[in-house]
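Just so it is clear, the structure is predicted and the values come from calculations on it, not from any experiment.
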Amino acid sequence: MLLASALLAACGQLLSGKVYTELDTLKAGEYQLDPNHTRVLFKVNHLGVSSFVGRFNQSRAALDFNESDPAASAIVADVEMGSLDINRPDFADTLMGCDWLCVEDYPSARFESRGRAEVDGQQLKFNGDLAFRGVTQPSVLIVNINGATTNRLTGDYTLGFEAQLVFLRSDFGMDRFIPAVGDEVTIEVYAEFIRQ
């Protein structure tokens, strides 16, 4: 049993390459989101006492990373509203109606960065535009780059990424039940990007 455990640990070590964490040590280039290693969550206050949490299961994103000038990096991301997952299909159908997400008319939401990002250590703060429910508003995507490594199983150069975006749903014409359901929505992204 001890030998088997040691062998499994050794296999895990062989699959893990060296992890680079400083932005200037990461490889520049075009990156695409790995859907198999991505989670997009949303949180909104409920009744002032808890957070209602759900996720979207389908998203796409492209990151143009510049290691010599990280502030010149750019990102665009799309989330498919119809991929809403709250573990309760009947309520998900309600949320996809036009009192809320209005998926039939607006099937996706998009964030697109513009201008230079602000850089603070491993964090990139992207100013950009959030397009949602037919409305476009300025927004900020705060990205923490965890580091990058080569996945020895696939050979893919992989960048780890966590991000947060906060907006007011009332800015996008979705103001039902405020304040019982909070106006502020927090989007959290946990993802891996693969260099193309």
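- Interatomic distance, T158 OG1 to N146 CG, rounded to the nearest 0.5 Å: 12.5 Å.
- In the hydrophobic cluster analysis, where Ile, Leu, Val, Met, Phe, Trp and Tyr join through side-chain heavy atoms closer than 4.5 angstrom, I86 is grouped together with F177.
- Hydrophobic clustering (side-chain heavy atoms under 4.5 Å, transitive across Ile, Leu, Val, Met, Phe, Trp, Tyr) keeps I178 apart from V166.
- Considering only residues two or more places apart in sequence or on other chains, F126 meets the ring pair (Phe, Tyr, Trp, His ring centres under 6.0 Å) condition with none of them.
- Residues R114 and P138 share a closest heavy-atom pair of NH2-CB, 3.6 Å.
- Put simply, the side chain of S113 does not reach to within 4.5 Å of the side chain of L141, judged on heavy atoms.
- For the atom pair H37 NE2 and D156 CG, the distance stands at 10.0 Å (nearest 0.5 Å).
- Under a 4.0 Å N-O distance rule, the pair K125/D120 does not qualify as a salt bridge.
- Cluster membership for V181 and L168, using ILVMFWY side-chain heavy atoms within less than 4.5 angstrom, is not shared.
- Side-chain contact between N144 and Q164: absent, with no pair of heavy atoms (C-beta onward) separated by less than 4.5 Å.
- The aromatic rings of F56 and F42 sit tilted, their planes meeting at an angle between 30° and 60°.
- In this structure, CZ on R88 lies 10.5 Å from CG on D93, to the nearest 0.5 angstrom.
- A continuous path of hydrophobic side-chain contacts links M81 to W100 [ILVMFWY only; heavy atoms under 4.5 Å].
- A 4.5 Å side-chain heavy-atom check between L124 and I145 finds at least one atom pair inside the cut-off.
- For E104, the CD atom is loosely surrounded, since the number of other residues' heavy atoms within 6.0 Å does not exceed 12.
- Here the closest non-hydrogen pair linking A28 and N66 is CB-CA, 4.4 Å.
- When side chains are defined from C-beta on, I75 does not count as touching F65, because their heavy atoms never get closer than 4.5 Å.
- Side-chain atoms of R133 come within 3.5 Å of backbone N or O of F172 as a donor-acceptor pair.
- For the ring-ring contact (aromatic ring centres under 6.0 Å, His included) with F193, the qualifying choice from F161, Y31, Y157 is F161, the only one to do so.
- Counting only residues at least two apart or on different chains, the side chain to side chain donor-acceptor pair (under 3.5 Å) pairs with a member in residues 76-85 are R55-D85, N57-D85, R60-E80, D78-R110.
- Listed for the T149 side chain is a donor-acceptor partner under 3.5 Å among the backbone atoms of K18.
- Atom OG1 of T136 sits about 12.0 Å away from atom CG of D171, to the nearest 0.5 Å.
- L95 approaches F52 most closely through the heavy-atom pair CD1-CE2, 4.3 Å.
- Screening D34, L33, T38 against N36 for a side-chain contact (heavy atoms from CB on, under 4.5 Å) leaves a single residue, D34.
- One hydrophobic cluster, built from ILVMFWY side chains closer than 4.5 Å, cannot hold both V79 and L41; they sit in different ones.
- Pairs engaging residues 175-196 under the side chain to side chain donor-acceptor pair (under 3.5 Å) rule: K43-E188, S170-D183, E188-Y190 [sequence neighbours left out].
- Grouped by direct or indirect side-chain proximity (heavy atoms under 4.5 Å, Ile/Leu/Val/Met/Phe/Trp/Tyr only), V76 sits alone.
- Contact of the C102 side chain with the M174 side chain is not registered, since no non-hydrogen atoms from C-beta on lie closer than 4.5 Å.
- The two residues A61 and A77 make their nearest non-hydrogen contact at CB-CB, 3.8 Å.
- Membership of an apolar cluster is not assigned to Y106, as no side-chain contact below 4.5 Å to another ILVMFWY residue is traced.
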Walk me through whether L26 and L23 qualify under side-chain contact (heavy atoms from CB on, under 4.5 Å).
CA-CA 6 Å; L26 308 182; L23 294 184; 4.0 Å; yes
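- The structure places CZ of R39 at 9.5 Å from OG of S59, a figure rounded to the nearest 0.5 Å.
- The two residues S139 and L130 come nearest to each other via the heavy atoms CB-CB, 3.8 Å.
- When hydrophobic side chains of Ile, Leu, Val, Met, Phe, Trp and Tyr are connected at separations under 4.5 Å, V49 ends up clustered with L47.
- Residue S68 comes nearest to P70 through the heavy atom pair C-CD, 3.8 Å, listed as atom of the first residue, atom of the second, then distance.
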